[in-house]
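What follows is a short report on a single structure.
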There are 2 protein chains.
Amino acid sequence: MKRPTIADIARRAGVSKGAVSYALNGRPGVSEETRARIQAIAQEIGWRPNLAARLLSGAGAGAIGLVVCRPARFLGVEPFFMELISGIEGELAARSYALMLQVAAGHEDEIAVHRRWWGEGRVDGVILLDLHADDPRVPVVETLGMPAVVIGHPSAAGPLPAVWSDEAAAMRGVIEHLAALGHRRVGRVAGPAALAHTAIRDAAFEEALAALGLEGAPAAHTDYTGEAGARATRRLLSSRARPTAIVYDNDIMALAGLSVAQEMGLEVPAGLSVVAWDDSPLCQVVRPPLTALARDIPASGARAAQLLLRMAAGERVAGVEDAAARLRPRGSTAPAP
Amino acid sequence: MKRPTIADIARRAGVSKGAVSYALNGRPGVSEETRARIQAIAQEIGWRPNLAARLLSGAGAGAIGLVVCRPARFLGVEPFFMELISGIEGELAARSYALMLQVAAGHEDEIAVHRRWWGEGRVDGVILLDLHADDPRVPVVETLGMPAVVIGHPSAAGPLPAVWSDEAAAMRGVIEHLAALGHRRVGRVAGPAALAHTAIRDAAFEEALAALGLEGAPAAHTDYTGEAGARATRRLLSSRARPTAIVYDNDIMALAGLSVAQEMGLEVPAGLSVVAWDDSPLCQVVRPPLTALARDIPASGARAAQLLLRMAAGERVAGVEDAAARLRPRGSTAPAP
DNA sequence: GCGAACCGATGAACCGGGTAAGCACGTGAC
DNA sequence: GTCACGTGCTTACCCGGTTCATCGGTTCGC
């Protein structure tokens with residue numbers, strides 16, 4: 001019932017604790033014969049190194065942390081997180097690392113979690129998401145000396161390595177796609193204005209419109225929920241300068257927009273084209289299927305985990321640029337009416 | 001830079017390590033005056049108890065584990081997990097407990113994770129999801145002596161406490177709702193047949209149909225993906241005895257079914273009524289909004305976490321029955337054509 | 001006035017591994 | 001024969017917090 005320890009193994013093998021430790025860690029100091037015998041016993045009684053003991057004598061925590069800082073209600077609908085997590089896991093599982101997850105209500109809470117995790121030695125490092133401009137988390141992890149990797153544009157990451165993709169290029173691609181279809185007036189329903197990547201997309205949106213001589217209302221900022229997306233869409237579609245295409249910052253809002261348009265008697269794509277950011281299975285399930293920007297979110301997660309583990313091992317790492325999101329044209333975009 | 005320890009505090013306060021330990025844990029053995037002084041110093045130098053050390057001297061791991069055992073690709077679209085996690089977190093955060101999350105590919109992998117977590121002392125217990133009939137995980141955690149709580153019907157949980165809701169009653173409610181609308185032939189697109197709760201819903205479905213004298217094809221089993229849901233729907237709708245209503249085991253499949261019906265020229269709800277299990281924000285965003293079974297998933301998660309923590313504390317706990325899912329009639333169900 | 005009880009605090013052992021230092025023994029070189 | 005050097009293993013201490021036995025000193029009861 002009680003978990004076996006190296007002392008148990010030592011007793012059964014008739015050697016000392018030290019010898020067992022050497023044997024099980026593949027270090028020199030024991031004969032191959034003894035090593036094999038010790039390993040066999042460890043195997044037999046189902047021994048696992050006690051993490052706490054190992055940690056206490058200087059090893060890492062064997063875990064990395066991820067704090068998700070969005071209101072709980074919206075988490076479920078956002079496939080992003082689970083995809084990211086599964087990507088991170090893929091990298092961790094291979095090394096028997098674990099993932100600590102915490103949902104926080106705000107930045108202060110999140111910072112408190114980081115302090116606690118690091119102070120308690122619970123994690124070897126963290127992955128930071130959804131950075132703001134001048135994000136307070138960056139200086140905090142910096143002063144804590146805690147390894148951290150940012151998922152998002154390096155401009156907000158300060159000295160921390162970032163895993164990012166060129167969202168401006170992706171946005172340009174979307175606008176070019178719409179312009180090629182003859183759209184002259186494009187709307188945008190964005191995420192929270194405070195997020196760094198929202199600002200980047202906003203700027204890229206304006207620039208791309210200007211470069212191609214298109215018109216567009218300034219981005220409507222939302223909290224990523226379908227409800228907010230619906231509201232913003234309603235406002236856009238009932239404005240005097242009604243757009244013929246709308247770009248959404250996530251798929252749930254795009255879907256809500258789709259419904260609102262149909263409700264208002266606008267056929268999609270005949271009367272309105274819709275583009276979603278992040279291509280989840282959702283996009284292919286609805287009618288018409290949503291034109292979407294596909295990026296490999298699990299891959300980003302995996303890459304971030306990889307960087308973080310190397311960083312935690314003391315290596316000095318640089319950020320990585322992932323492939324930009326690719327536009328997947330589907331039935332929700334068509335020539336302008 | 002180095003993390004302060006109680007020895008540092010002891011030195012600065014001019015007392016022994018033991019006194020510091022008593023003072024900081026609110027245990028008797030020091031005067032209030034000394035306690036205050038020690039606490040002030042701890043506060044000042046930013047001391048946090050090192051988890052490993054605490055763990056090593058007998059305390060719990062301060063974390064519970066959750067292994068999610070569905071293919072990574074499908075995780076994202078299933079709002080269930082994130083809602084569950086946020087509910088669990090709510091309970092844990094208050095007690096400064098942490099959640100260890102791992103995505104596993106199959107039961108063997110999941111069992112390996114449990115063995116490792118328990119062997120390493122990483123978790124104080126686990127929450128088990130998606131039980132099968134004769135689930136191999138139950139005897140494993142049983143022999144490990146690891147506290148565990150099952151989310152799902154007690155019939156599959158063996159001796160483990162379960163957090164569950166009466167899915168049979170919920171299913172009856174759905175069928176009664178449809179029967180009242182005049183539907184005589186009802187289809188069902190279910191989750192994987194191996195899952196215990198799928199079997200329970202299947203049985204309840206058949207029984208309710210029989211009780212009300214309705215017809216129905218046997219449940220079509222899927223992997224919960226939109227794609228599979230679409231396929232199953234197509235088959236149901238092109239069968240000779242086409243149903244006038246279909247009950248889906250999750251919302252993404254219901255949504256896929258909606259699209260398929262429209263594709264085949266069937267208006268929802270005029271030509272086909274659709275009911276989704278689990279009422280995510282998705283259901284309210286689509287047109288027509290989906291009639292759905294709403295259950296409080298975060299609450300279940302919170303309850304499970306609560307039970308598990310009490311169990312880990314050595315208490316003997318019994319399972320809890322949550323409120324049954326409530327049917328939220330919306331635009332996707334209407335009188336039979 | 002003496003023992004009992006109690007308070008506040010100490011020192012040391014302990015948890016389960018890691019690891020530096022040391023030791024016995026065998027081997028080879030000179 | 002002895003000195004140097006490996007090899008294979010043991011001993012002992014470290015990590016940081018918890019806990020128990022103990023102890024000096026004060027207070028209380030009789």
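Naming: A, B, ... by sequence-line order, numbering from 1 per chain.
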Tell me whether A/R12 contacts the main-chain N or O of A/A42 through its side chain, where contact means a donor paired with an acceptor under 3.5 Å. no
When the distance from CD1 of A/I38 to C1' of D/dG8 is rounded to whole Å, what number comes out? 11 Å
Base-contact (B) and sugar-phosphate-only (S) positions in nucleotides 9-18 of chain D, heavy-atom cut-off under 4.0 Å, - elsewhere: BBB---BBBB
Quick one: what's the B/S/- string for nucleotides 22-28 of chain C, heavy-atom cutoff under 4.0 Å, read 5' to 3'? -------
Can you check whether [X] reaches [Y] side chain to side chain, under 4.5 Å on heavy atoms?
| X | Y | answer |
| --- | --- | --- |
| B/L308 | B/Y97 | no |
| B/W118 | A/R48 | no |
| B/M146 | B/W117 | no |
| B/V140 | B/P136 | no |

Would the number of heavy atoms belonging to other residues, nucleotides or ligands and lying under 6.0 Å from CD of A/E33 be above 12? no
A/Q43, CD atom: more than 12 neighbouring heavy atoms under 6.0 Å: no
When the rotation axes relating C1' atoms of four end pairs to the next four are compared across the helix from C/dG1-D/dC30 to C/dC30-D/dG1, five pairs an end, they differ to 10° by 60°
Could you check B/V317, B/D124, B/L92 and say which one makes a side chain to side chain contact (heavy atoms under 4.5 Å, CB included) with B/L309? B/L92
Under the criterion side chain to side chain contact (heavy atoms under 4.5 Å, CB included), which of B/L128, B/I127, B/V126 is the partner of B/L66? B/I127
Report the relative orientation of the aromatic rings in B/H153 and B/W164; use parallel for angles under 30°, tilted for 30 to 60°, perpendicular for over 60°. perpendicular
